[in-house]
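Have a look at the structure below, then the notes.
Order of the sequence lines sets the chain letters (A, B, ...), proteins ahead of strands, with each chain counted from 1. Bear in mind the structure is a predicted one, so any value in this text is a computation, not a measurement.
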Amino acid sequence: MILDVIARALRARGLETTLLYGIDDMDPMDAQALLTPDAVEHEMGRPLAHVPDQEGDGHASYARHHAQVFIDLFAGLGIHPDRYYWMSDIYPTGDMDPFIRTALDRAEQVREIYRRVANVQHPSDWHPIQVVCPNCAKIGTTIVTKWDGERVFFECRQALVTWARGCGTSGWTSPFGGTGKLGWNLEWAAQWSLFGVTIEPCGKDLSTAGGSRDRADAIAREIFEREPPLNVPYEFLNIGGKKMSTSKGRGAAAHAIVEVIPPEQVRFLFLRPRPNQVIEFEPEGSDAIPRLFDEFDRFAAATAGRPVRGEIAPGFESTFAYALLDPNADVAAEAAAFRPAFSHLALLLQIPNVDLAARVAAEKGSALTARETGTLDERIRAARAWLEAYAPERAIVAVRDTVPAEEVAALDDDQRRYLAALADAGMSETEPPESGEAWQNLIFAIAGEAGLSNGRAFASLYAAFLGRTNGPRAGWLLASLEFDFVVGRLRQAAAAAPQVPA
RNA sequence: GGGCCGGUAGCUCAGUGGCAGAGCAGGGGACUUUUAAUCCCUUGGUCGUGGGUUCGAAUCCCACCCGGCUCGCCA
């Protein structure tokens, strides 16, 4: 996301920019969670690119299957790298061979960097490369101990790592052309040189002192003799206090979020705070999601030049523009587009027989454009999902099965009389009110006769039916219920004992 | 234990030397038909703690406290 926005910003300044995304699929399989039990012994430790797709849905490998999930996720968020490259494709071309050669020639220097930068003490025969075992095809279990300038001596050790078992084979082999793979920090640095990388943000888990980024930076400078790319360390998004990350396959939270929140609001969520600020996002039982929409709409309004409440963060136009899905969107037109308020939609969705499109068009004051109808549909889906999975109790409108005793007891006498009068009026109509409009007219008419302010009239209705002080348009609410039930409830509430002052 | 980042209103966050802010939430009010909308008003702070520099510190320096990440492998 950060890289996508950087690329967009550079292009906006007229700079030619290429956005690359690499998948390190020569790395060994080290997580058995997604493997079938009988595959564990055989597959653990093999390169991810060589492990068959466990789902059997047509991907060439385990790596391709799972990476596709993220590629799709990125595409859905408007992130379209110019090129995805796979290390399992790069190594066989021989493009990495010069870097492998340099790393092996300078193995002692690499070990020294690990000691100095990361305080990691590798054995004196350790070499910064692993090879695919010609016997068992694993890469995570092999260690290289000698280098003669053309070939390496490897051992496939039984107990090199705890998560995979080697076969015990050893021998001389060429490390080039796809057989060998540089260690992670070296591979990272080699990619910078190979692709001419100039900017590479990374998360704070890597950006720590002595961490992967420090090592890769040192290796780039001292082994491959190239200045490392600009780093933009960024913080994480915490969902309910837990880290969400795409890089370690902890994608479950990411997908759950993306299912509920439309892409532009997801982008907005990431872009609004500074990169080094942890984003605390707690959608569960909170108004975090409605608030996210409201803030987005506020930024849109400000960008369109409409007045907004209070102050707005500096750079709001950029934040809004980069939150848009389409990098070439007409920002002014997008900002000016009408967007129905999320919480209002969530409310309307809970009332039966509401023509949402008509209501929203009425709020706007004119017909919705195709784009706005799309936004509406998107928000309706989001609001439904929110109500189902995340909304707090107070956002749920539900007609109580019985008279809400406490809330009704808090009503004043004139409000109670009003409820009785409304019941009488409903009964005395030649036709029982059926439409929301008929009920709404009656509610206002009786309130006028009783000299009760509209606010207090509505409040008494909400108390009697919902057990709360406010609610959706009362006429339509009553119209959605059985007439006899409505009259009965009105009478019960009117007859309820008033609250005794403590 | 070392390192990095963070700690500002109930919540989410702005604010890098010049009167502590916004949104939301909370409280009060307006509204004869959008009534969870809209509009107006408003409560709320030991800027993590303690020291220092300065005419002046949320901001710069030092120490400490708390939280997250990281410091063997893997990525």
When rounded to the nearest Å, what value does the distance between P atoms of B:A30 and B:A22 take?
25 Å

Please tell me which of the listed nucleotides, B:U12, B:U33, B:A22, lies nearest to the side chain of A:R291?
B:U12

Which one, B:A14, B:U33, B:G68, comes nearest to the side chain of A:P273?
B:A14

Taking atom CZ as the centre, does A:R165 end up with more than 12 heavy-atom neighbours from other residues, nucleotides or ligands that are less than 6.0 angstrom away?
no

With RNA chain B as reference, determine whether A:V278 or A:R298 sits nearer its 5' end, using the nearest nucleotide of each.
A:V278

Using the P atoms only, state how far B:U32 lies from B:G26, rounded to an integer number of Å.
24 Å

Heavy atoms only, 4.0 Å cut-off, all strands: where does A:P28 land among base, sugar-phosphate and nothing?
sugar-phosphate

Distance test, side-chain N/O of A:R274 to OP1/OP2 of B:A14, below 4.0 Å
yes

When the C1' atoms of B:A9 and B:G27 are considered, how many whole Å apart are they?
15 Å

Checking base pairs now: Watson-Crick or wobble, both atom distances under 3.5 Å. What partners B:U38?
B:A30

How would you label the contact of A:F444 with the nucleic acid (heavy atoms, under 4.0 Å): base, sugar-phosphate, or nothing?
base

Between B:U8 and B:G68 - P atom distance, rounded Å:
15 Å

In whole Å, what separates the C1' atom of B:G44 from that of B:G21?
13 Å

Atom pair distance, as rounded to whole Å: CZ in A:F299 and P in B:C24:
13 Å

To the nearest Å, how far apart are A:D25 CG and B:C74 P?
17 Å

Within 45 degrees of the axis of the six-membered ring of A:W188 and under 6.0 Å from its centre: does A:R215 put its NZ or CZ there?
no

Distance-only polar pair, side chains of A:Q121 and A:Y114, donor-acceptor under 3.5 Å:
no

Roughly how far, to the nearest 0.5 Å, is CG of A:N185 from CG of A:D214?
10.0 Å

Would you mind reading off the distance between A:W439 atom CH2 and B:U33 atom P, rounded to a whole angstrom?
21 Å

A:L206 CG to B:C4 P: how many Å, rounded?
17 Å

With a non-hydrogen cut-off below 4.0 angstrom, is A:D287 in contact with a base, only sugar-phosphate, or nothing?
sugar-phosphate

So, A:F342 versus A:F296, ring centres under 6.0 angstrom or not?
no

Would A:R64 pass as a cation-pi partner of A:W86, given that its NZ or CZ must be under 6.0 Å from the six-membered ring centre and within 45 degrees of the axis?
yes

Using a 4.0 Å heavy-atom cut-off across all strands, classify A:V120 as base, sugar-phosphate, or nothing.
sugar-phosphate

From the candidates B:C13, B:C73, B:C5, the one with an atom nearest any side-chain atom of A:E235 is B:C5

How many Å lie between CG on A:N119 and P on B:C4, as a whole number?
16 Å

What distance, rounded to whole Å, do you find between the two C1' atoms, one in B:G29 and one in B:U43?
14 Å

Can you measure A:R115 atom CZ to B:C71 atom P for me and round it to whole angstrom units?
20 Å

Counting only side-chain N and O atoms of A:R213, is one of them less than 4.0 Å from OP1 or OP2 of B:C4?
no

Would you mind classifying the nucleic acid contact of A:T162 as base, sugar-phosphate or nothing, using non-hydrogen atoms under 4.0 angstrom?
nothing

Atom CG of A:N454 and atom P of B:C39: how far apart are they, to the nearest Å?
19 Å

Return the pairing partner of B:G44 with a 3.5 Å limit on both distances, Watson-Crick or G-U wobble; otherwise return none.
none

Examine B:C40: is either OP1 or OP2 under 4.0 Å from a nitrogen or oxygen in the side chain of A:R309? Give yes or no.
yes

When the P atoms of B:G67 and B:U59 are compared, how many Å lie between them, rounded to an integer?
23 Å

Which comes earlier along RNA chain B counting from the 5' end, the contact point of A:S212 or that of A:L347, where each point is its nearest nucleotide?
A:L347

Output the rounded distance in Å from CG (A:D214) to P (B:G2).
18 Å

If pairing requires Watson-Crick or G-U wobble contacts with both distances under 3.5 Å, which nucleotide is the partner of B:A14?
none

I'd like to know if the side chain of A:E449 pairs up with that of A:Y418 as donor and acceptor (distance under 3.5 Å, no hydrogens or angles considered).
no

Counting Watson-Crick and G-U wobble pairs only, both distances under 3.5 Å, name the nucleotide matched with B:G1, or none.
B:C71

Whole-angstrom distance between B:A14 and B:C55, as gauged at atom C1'
28 Å

Are the ring centres of A:Y21 and A:F70 closer than 6.0 Å?
no

May I ask which nucleotide in the shown strands pairs with B:G6, Watson-Crick or G-U wobble, both distances under 3.5 Å?
B:C66

Would you mind telling me which of B:A75, B:C13, B:U12 lies closest to the side-chain atoms of A:I279?
B:C13

